[in-house]
Engineer: 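Supplied in structure tokens, the structure appears directly below.
We use all heavy atoms of the structure for the numbers below, so side chains are in, but hydrogens, waters and symmetry mates are not.
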Amino acid sequence: MELRYKYRFNFFIFLNDIAFLTLSFVLSIVLIKYIYNKRFILQDTWMLPLLIAGWYFSSRTTKADDDWNNKSVLVSLYKTANSIFIQFFLVILFFFTSKQNDYSKRFLIFYIILLSLFIPLGKIFQKKVMGFFYKKPRNNRRLLVIGAGKVGMEFADVISKQQPGYEVIGFLDDAEKPGLNGQYLGKVSDLETLISDDHISIDEVLVALPNSANQKINHIANIVNRHPVKLRIIPAYHELINSQYSISIFNGFPMITNRYVPLDDINLRWVKRLFDIIFSLLVFILVFPWLIPIVAIAIKLSSKGPVFYLQDRWGKKNKQIKCYKFRTMYVRDAEESNAAFKQASKNDPRITRVGAFLRRNNIDEFPQFINVFFGEMSVVGPRPHPIPLNLQSKEVIDNYLVRHLVKPGITGWAQVNGFRGETPDPALMRARVKYDIWYIENWSLLLDIKIIFLTFWKTIAGDKNAF
């Protein structure tokens with residue numbers, strides 16, 4: 001059985017969002033009535049429960065309502081914007097799956113505009129209100145830190161600057177710390193006296209000691225457990241753990257996993273695999289019959305050589321796969337680039353005129369749906385890099401090979417966020433890897449749908465890094 005301690009869903013925040021969502025819905029009906037003199041009938045309001053359900057699932061996908069008080073305003077608003085985007089996607093889906101008149105469409109446009117206004121303003125207001133209450137000392141939880149070393153001091157600094165609702169009252173440490181400006185309260189052995197003092201209110205004790213102090217930590221736990229005080233322990237290996245960790249019990253042994261990967265769950269893997277099969281079959285039936293002949297003729301007319309180009313790349317767990325693409329380079333240059341690797345660059349002379357068009361519009365990647373259908377790739381995932389680039393990057397980019405924990409994709413989270421094309425600066429590759437790892441740790445089917453939608457949008461709108 002696995003227990004995940006990652007995020008805390010704030011149901012109050014969710015109810016507040018639903019109130020603003022409903023307000024947006026009602027005001028949209030009122031605007032339609034007064035602007036167009038069109039009265040909505042009761043049956044049209046059946047959309048509201050659908051939109052509320054959509055908001056719940058989108059907020060869970062983006063984690064917009066998780067531990068709101070621990071986030072900066074910008075991070076929170078970014079996650080909220082993602083939820084609004086998914087609502088917009090649901091509205092578009094509603095357009096295509098039901099017969100709606102012009103007034104209904106205008107109503108939905110009003111709804112999205114009002115939602116985009118009210119929800120962010122509501123969240124900013126919530127943040128201000130919570131900040132006001134946390135400024136009052138009686139609402140704060142008083143925290144005693146045991147261990148005034150590097151970890152304890154950094155934690156106290158984060159608490160004082162970023163975490164409202166907590167107040168560090170002082171430190172206990174066996175080494176005297178006169179430089180703590182009066183916050184040094186004594187040695188660890190003074191804990192019993194301090195915690196029993198009626199004049200000193202302590203709500204929580206935070207232990208920031210090394211693992212070698214195991215006996216001392218047990219002693220601290222025994223003391224704290226005799227009082228109505230909460231105990232928290234920072235493991236000495238906390239730097240190895242990221243925000244997506246998980247705690248599991250394996251045959252009675254507690255274990256911390258430093259990285260939670262949703263697709264480790266076989267049920268979720270089957271969901272993604274089923275989506276990949278259905279999506280690739282739709283491409284085979286609806287797109288390939290007309291796209292392949294047109295592209296094949298264009299490639300043949302532009303330069304000598306085959307229509308398709310196969311390149312060795314790494315798939316899941318670094319397993320080598322043959323990646324299918326439409327050929328976009330002259331044959332000699334394509335063969336040389338496979339032997340002596342060189343990333344494609346802007347205005348690259350190796351790329352044909354037709355190839356440049358195919359690359360710019362992501363058409364050259366379409367044959368990879370063959371890889372998707374046979375299970376070597378996924379529609380969405382970290383883009384597979386040429387093997388020489390993998391060998392080069394894994395030596396200089398931290399956590400580079402983490403992106404190979406899942407199947408590579410035709411499109412990915414890094415690509416729709418602008419990180420595609422040539423990476424002459426290692427900083428660009430680090431950013432790409434960061435986005436890929438975020439995708440791996442936060443995967444959901446809704447996120448895949450969002451990335452596919454953004455890929456089509458960027459293809460239409462244009463991408464400066466597409467060449």
Engineer: Using every non-hydrogen atom in the two residues, find where Pro384 and Met377 come nearest and quote the distance to one decimal.
Structural biologist: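 Looking at all heavy atoms of both residues, the closest pair is CG-CE, 4.0 Å.
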Engineer: Between Ile299 and Ser302, what is the shortest heavy-atom contact and its length?
Structural biologist: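 Closest pair (atom of Ile299, atom of Ser302, distance): O-OG, 2.9 Å.
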Engineer: Whether the side chain of Tyr439 engages the backbone of Val380 through a donor-acceptor N/O pair (distance < 3.5 Å, no angle test) should be reported.
Structural biologist: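 Yes.
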Engineer: Would you please classify the geometry between the Phe288 ring and the Phe369 ring as parallel, tilted or perpendicular, with 30° and 60° separating the classes?
Structural biologist: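 Geometry flag for Phe288 against Phe369: perpendicular rings.
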Engineer: Looking only at heavy atoms, what is the nearest atom pair of Gln392 and Val396, with distance?
Structural biologist: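 Closest approach of Gln392 to Val396, heavy atoms only: O-CG2, 3.6 Å.
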Engineer: Just jot down the side-chain hydrogen bond (donor to acceptor under 3.5 Å, both in side chains) partners of Arg313, sequence neighbours excluded, or say none.
Structural biologist: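 For Arg313 the side-chain hydrogen bond (donor to acceptor under 3.5 Å, both in side chains) partners, ignoring immediate neighbours, are Gln311.
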Engineer: Going through the checks in order, is the side-chain contact (heavy atoms from CB on, under 4.5 Å) test met by Phe275 and Ile452?
Structural biologist: CA-CA 12 Å; Phe275 177 81; Ile452 292 169; 3.6 Å; yes
Engineer: Strictly distance-based, threshold 3.5 Å: is any side-chain N or O of Asp312 a donor or acceptor partner for the main-chain N or O of Ile387?
Structural biologist: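 Here the side-chain-to-backbone pair does not exist.
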Engineer: If we ignore angles and hydrogens, is there a donor and acceptor under 3.5 Å between the side chains of Tyr400 and Asp436?
Structural biologist: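 No - no donor-acceptor pair under 3.5 Å links their side chains.
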Engineer: Report the C-alpha distance between Leu231 and Val207 in whole Å, list the side-chain angles of each, state the deciding distance to 0.1 Å, and finish with yes or no for side-chain contact (heavy atoms from CB on, under 4.5 Å).
Structural biologist: CA-CA 8 Å; Leu231 177 67; Val207 179; 3.7 Å; yes
Engineer: Under 3.5 Å, is there a donor on one side chain and an acceptor on the other for Ser303 and Arg327?
Structural biologist: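 Present: a donor and an acceptor within the cut-off.
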Engineer: Can any side-chain N or O of Asn417 pair as donor or acceptor with the backbone N or O of Trp413 at less than 3.5 Å?
Structural biologist: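 Yes, Asn417 side chain to Trp413 backbone: donor-acceptor pair under 3.5 Å.
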Engineer: Can you give me the closest heavy-atom contact between Val406 and Pro382, atom names plus distance?
Structural biologist: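 Distance-wise, the nearest heavy atoms are CG2-CD, 3.7 Å.
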Engineer: Measuring from atom CD1 of Ile410 to atom CG of Asn371, what distance do you get when rounded to the nearest 0.5 angstrom?
Structural biologist: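 Ile410 CD1 to Asn371 CG: 7.5 Å, rounded to 0.5 Å.
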Engineer: Provide the closest heavy-atom pair for Pro210 versus Ile217 in the form atom of the first, atom of the second, distance.
Structural biologist: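 Smallest interatomic distance, heavy atoms only, reads O-CD1, 4.1 Å.
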Engineer: Would you mind reporting whether Trp314 and Ile321 have side-chain heavy atoms less than 4.5 Å apart?
Structural biologist: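 No - every pair of side-chain heavy atoms lies 4.5 Å or more apart.
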Engineer: Within the structure provided, determine whether Phe20 and Leu115 are in side-chain contact (heavy-atom separation under 4.5 Å).
Structural biologist: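 They are not in side-chain contact.
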Engineer: Return yes if some donor-acceptor pair links the side-chain N/O of Asp265 with the main-chain N/O of Asn267 below 3.5 Å, else return no.
Structural biologist: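 Indeed, once roles are kept as given, a pair shorter than 3.5 Å links the two residues.
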Engineer: For a side-chain contact (heavy atoms from CB on, under 4.5 Å) check, start with the C-alpha distance between Lys407 and Lys317, then their side-chain angles and the critical distance, and finish with the verdict.
Structural biologist: CA-CA 8 Å; Lys407 293 177 184 177; Lys317 302 293 185 183; over 6 Å; no
Engineer: Ignoring hydrogens, what is the shortest heavy-atom contact between Leu21 and Ile52? Give both atom names and the distance.
Structural biologist: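 So the minimum-distance heavy-atom pair works out to CD2-CG1, 3.9 Å.
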Engineer: Within the side chain of Lys319, is there an N or O that forms a donor-acceptor pair under 3.5 Å with the backbone of Glu376?
Structural biologist: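 No, the answer is negative, given that no donor and acceptor are paired below the 3.5 Å cut-off.
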Engineer: Between Thr352 and Gly355 (side chain of the first, backbone of the second, donor and acceptor by atom type, cut-off under 3.5 Å), is there such a pair?
Structural biologist: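 Pair found, side chain donor or acceptor close to backbone of Gly355.
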Engineer: Does Met153 offer a backbone N or O that forms a donor-acceptor pair with the side chain of Asp157 under 3.5 Å?
Structural biologist: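 No, Asp157 side chain to Met153 backbone: no donor-acceptor pair under 3.5 Å.
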Engineer: Between Phe373 and Phe284, is the ring centre distance below 6.0 Å?
Structural biologist: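 That pair passes the under 6.0 Å test.
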Engineer: If you define the side chain from C-beta out and look only at heavy atoms, does anything of Lys272 sit under 4.5 Å from Leu263?
Structural biologist: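 SC-SC contact between Lys272 and Leu263 confirmed.
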Engineer: Less than 4.5 Å apart, any side-chain heavy atom of Lys316 and any of Leu405?
Structural biologist: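 The answer is no; the side chains never approach within 4.5 Å.
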Engineer: Can you tell if the side chain of Phe453 reaches within under 4.5 Å of the side chain of Ile449, non-hydrogen atoms only?
Structural biologist: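 They are not in contact (no side-chain heavy atoms under 4.5 Å apart), so the answer is no.
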Engineer: Tell me whether Arg353 forms a cation-pi arrangement with Phe357, defined as NZ or CZ under 6.0 Å from the six-membered ring centre and within 45 degrees of its axis.
Structural biologist: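 Because its charged atom misses either the 6.0 Å distance or the 45° angle limit, Arg353 does not stack over Phe357.
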Engineer: How would you list, by chain and number, every residue that makes a ring-ring contact (aromatic ring centres under 6.0 Å, His included) with Tyr111, sequence neighbours excluded?
Structural biologist: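 By the ring-ring contact (aromatic ring centres under 6.0 Å, His included) rule, Tyr111 matches no residue at all.
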Engineer: Under a 4.5 Å cut-off applied to non-hydrogen side-chain atoms, are His385 and Arg403 in contact?
Structural biologist: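 In short, these two side chains touch, coming nearer than 4.5 Å.
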Engineer: Sub-3.5 Å donor-acceptor pair from the side chain of Asp276 to the main-chain atoms of Val372, do we have one?
Structural biologist: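 Side chain of Asp276 to backbone of Val372, a donor-acceptor pair under 3.5 Å: no, none is there.
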Engineer: Can you confirm whether or not the ring centre of Phe308 sits under 6.0 Å from the ring centre of Phe326?
Structural biologist: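 Aromatic pair counts; centres sit under 6.0 Å.
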Engineer: For Ser393, give me all partners under side-chain hydrogen bond (donor to acceptor under 3.5 Å, both in side chains), at least two apart in sequence or on another chain.
Structural biologist: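 side-chain hydrogen bond (donor to acceptor under 3.5 Å, both in side chains) list for Ser393, sorted by chain: empty.
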Engineer: Any side-chain heavy atom of Leu274 sitting closer than 4.5 Å to one from Val271?
Structural biologist: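 Not touching, per the 4.5 Å side-chain cut-off.
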Engineer: When you check the gap from the basic side-chain N to the acidic O, do Lys230 and Asp203 get nearer than 4.0 Å?
Structural biologist: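 Between Asp203 and Lys230 there is no salt bridge, as every charged N stays at least 4.0 Å from the carboxylate O atoms.
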Engineer: For residues Thr328 and Asp364, is any side-chain donor paired with an opposing acceptor at under 3.5 Å?
Structural biologist: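 Looking only at side-chain atoms, Asp364 and Thr328 do not form any donor-acceptor pair under 3.5 Å.
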Engineer: Please report the C-alpha distance between Glu204 and Arg232 in whole Å, then the side-chain angles of each, then the deciding distance to 0.1 Å, and finally whether the salt bridge (Lys or Arg N to Asp or Glu O under 4.0 Å) criterion is met.
Structural biologist: CA-CA 7 Å; Glu204 299 186 15; Arg232 298 181 187 268; 2.5 Å; yes
Engineer: Using 0.5 Å steps for rounding, measure from the OG atom of Ser280 to the CD1 atom of Ile370.
Structural biologist: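 The CD1 atom of Ile370 is 10.5 Å from OG of Ser280, to the nearest 0.5 Å.
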Engineer: Do Phe366 and Leu358 have side-chain heavy atoms sitting under 4.5 Å apart?
Structural biologist: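 No. Closest side-chain heavy atoms not under 4.5 Å.
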Engineer: Hey, is Arg383 close enough to Glu365 for a salt bridge, meaning N to O under 4.0 Å?
Structural biologist: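 Salt bridge between Arg383 and Glu365, a charged N being under 4.0 Å from a carboxylate O: yes.
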